[in-house]
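Below: one structure, written as structure tokens.
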Number of protein chains: 2
Amino acid sequence: MISLANKKNLKPEDFPPEIEGLRMTRQRREVLAVILRDRDHPTANDVFLRAQKRMPTISLATVYNCLEALVTHNIVRQVNLERESSRYCPNLSDHCHFQDEKSGKIHDVVFKEGVKLEDILELPKGTEVSHLEISLKGIFGK
Amino acid sequence: MISLANKKNLKPEDFPPEIEGLRMTRQRREVLAVILRDRDHPTANDVFLRAQKRMPTISLATVYNCLEALVTHNIVRQVNLERESSRYCPNLSDHCHFQDEKSGKIHDVVFKEGVKLEDILELPKGTEVSHLEISLKGIFGK
DNA sequence: CGGAAATTTGGAATTATTCTAATTCGTAAT
DNA sequence: ATTACGAATTAGAATAATTCCAAATTTCCG
Ligand SMILES: [Mn+2]
Ligand SMILES: [Mn+2]
Ligand SMILES: [Zn+2]
Ligand SMILES: [Zn+2]
């Protein structure tokens, strides 16, 4: 897994020509740059609006295509909260999502040292977890 | 919280006139009975199809209305897995959902003895969790 | 330079869910 | 029983996120 999560002020043209086996086209670079710039879990439409600033000709269909490609290649994570539209997150480390009911903001939440979710669930022998999603809502402290 | 989760073979007409402050109409009884009968996490449309068997005049809009009322009054739980249509679950105890990739079936999964999710997450002081959803996908053992 | 393959694009299609406005129902008062 | 009224149901239209489609463009390679 490539270490994009830390690269804060990254320009699209700084990306290598290929990431995780995915060809970095102009549009994919732009979409990825948007997601890495403000880490606020934007929706596809948010990404579209922001990408349009620097690339006025990009289409919403392309944003959806790029997002799907980036998610499939494990470059960004797709985040689903209740029935809302999907959001996109550049943080690939193990974490879950807390939506603050006041602000609407989504916070990344990590597990306490050494805890693995599979350890705390009553799962039958032989279970293989391929996908896992934890989401919370409420008042986020601080 | 009323103990409906155990009542397996319940006929609609057996429900009291009011549950959790919600008036039990004919349609709401039928919808609830469907969800309690087969505990397979049906979608709204599944519920509609099954309810139609005993009540041919019920409408899909009504099924959605009833489901919303039942969820709001904490009589059934709404379950969201990825981007799929919502499913409905009569199990009100603390549990999460595992979708088996082979069969498509959804299994209830409980926490191990004494474990509370909030204990294992790095949440800032003062955080109040009002809603929590955990979903898994993969190969369910046994 | 060609040509094939991949990508982008605008617009149409899909589909789960919500909305609307009219009708019907349930209950309680007359 | 009849009436009245708020609540619930209904059919169908509207909405909105996402996917599909077919044509145009770009990229890659020989
Ligand atoms: Mn906050
Ligand atoms: Mn299984
Ligand atoms: Zn995140
Ligand atoms: Zn369940």
Side-chain angles (χ1 to χ4, degrees), chain A residues 12-13 15-34 41-52 54-73 75-88 104 106, chain B residues 12-13 15-34 41-52 54-73 75-88 104 106:
Chain A
E13 49 276 21
F15 294 122
E18 194 169 302
I19 300 180
E20 298 284 303
L22 180 69
R23 252 180 66 198
M24 280 292 112
T25 63
R26 229 156 49 84
Q27 288 83 347
R28 286 173 186 162
R29 278 168 210 281
E30 186 53 45
V31 165
L32 178 52
V34 164
H41 302 88
T43 64
N45 197 59
D46 293 336
V47 172
F48 173 55
L49 264 23
R50 294 176 199 177
Q52 264 189 327
R54 304 179 95 259
M55 190 182 280
T57 59
I58 197 172
S59 77
L60 180 57
T62 297
V63 170
Y64 272 104
N65 290 341
C66 292
L67 289 170
E68 199 209 319
L70 293 167
V71 168
T72 301
H73 287 74
I75 301 167
V76 309
R77 259 181 74 177
Q78 182 170 14
V79 175
N80 297 304
L81 300 168
E82 313 252 278
R83 305 258 82 220
E84 295 179 12
S85 29
S86 285
R87 296 167 177 279
Y88 297 87
I106 291 164
Chain B
E13 49 276 22
F15 295 121
E18 194 169 304
I19 300 180
E20 300 283 303
L22 179 70
R23 250 182 69 201
M24 280 293 113
T25 63
R26 227 156 49 84
Q27 289 82 346
R28 286 172 185 164
R29 280 168 209 280
E30 186 53 46
V31 165
L32 179 53
V34 163
H41 303 88
T43 64
N45 197 59
D46 293 337
V47 173
F48 173 54
L49 264 22
R50 295 175 198 176
Q52 265 189 326
R54 302 181 96 258
M55 189 182 280
T57 59
I58 197 172
S59 77
L60 180 56
T62 298
V63 170
Y64 271 103
N65 290 341
C66 292
L67 289 171
E68 198 207 320
L70 293 168
V71 168
T72 301
H73 288 73
I75 301 166
V76 308
R77 259 180 75 177
Q78 183 170 13
V79 175
N80 297 303
L81 299 168
E82 314 251 280
R83 307 256 81 223
E84 295 178 13
S85 26
S86 285
R87 296 166 176 279
Y88 298 87
I106 292 163

Reading DNA chain C 5' to 3', which nucleotide is the first, and which the last, to come under 4.0 Å of any heavy atom in chain B?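 For DNA chain C, the relevant span reads C:dA16 to C:dG26.
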Please report the closest heavy-atom contact between [X] and [Y], naming both atoms and the distance.
{"X": "B:P42", "Y": "B:R50", "result": "CB-NH1, 3.9 Å"}
{"X": "B:H73", "Y": "B:E20", "result": "CD2-O, 3.2 Å"}
{"X": "A:A44", "Y": "A:L60", "result": "O-CD1, 4.3 Å"}
{"X": "B:P17", "Y": "B:R29", "result": "CA-NH2, 3.7 Å"}

B:Y88 vs B:V34, side chain to side chain contact (heavy atoms under 4.5 Å, CB included): CA-CA, chis, key distance, verdict: CA-CA 10 Å; B:Y88 298 87; B:V34 163; over 6 Å; no
Tell me: CG of B:L67 to C1' of D:dA8, nearest whole Å?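 One finds 15 Å between C1' of D:dA8 and CG of B:L67, rounded.
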Whole angstrom value for the distance that separates P of D:dC28 from CG of A:L22: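 About 12 Å, once rounded to whole Å.
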Pairwise distance CZ(A:R54) to CD(A:E30) - rounded to 0.5 angstrom: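 Here the interatomic distance stands at 5.0 Å.
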Interatomic distance, A:L81 atom CG to A:R87 atom CZ [nearest 0.5 angstrom]: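 CZ of A:R87 is found 6.5 Å from CG of A:L81.
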For A:N65 and A:T62, test the side chains for any donor-to-acceptor distance below 3.5 angstrom and give the result as yes or no.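 Checked: A:N65/A:T62 side chains show no N/O donor-acceptor pair below 3.5 Å.
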Report, as a single string ordered 5' to 3', how protein heavy atoms within less than 4.0 Å touch nucleotides 9-18 of chain D: B base, S sugar-phosphate only, - not at all. BBBB----SB
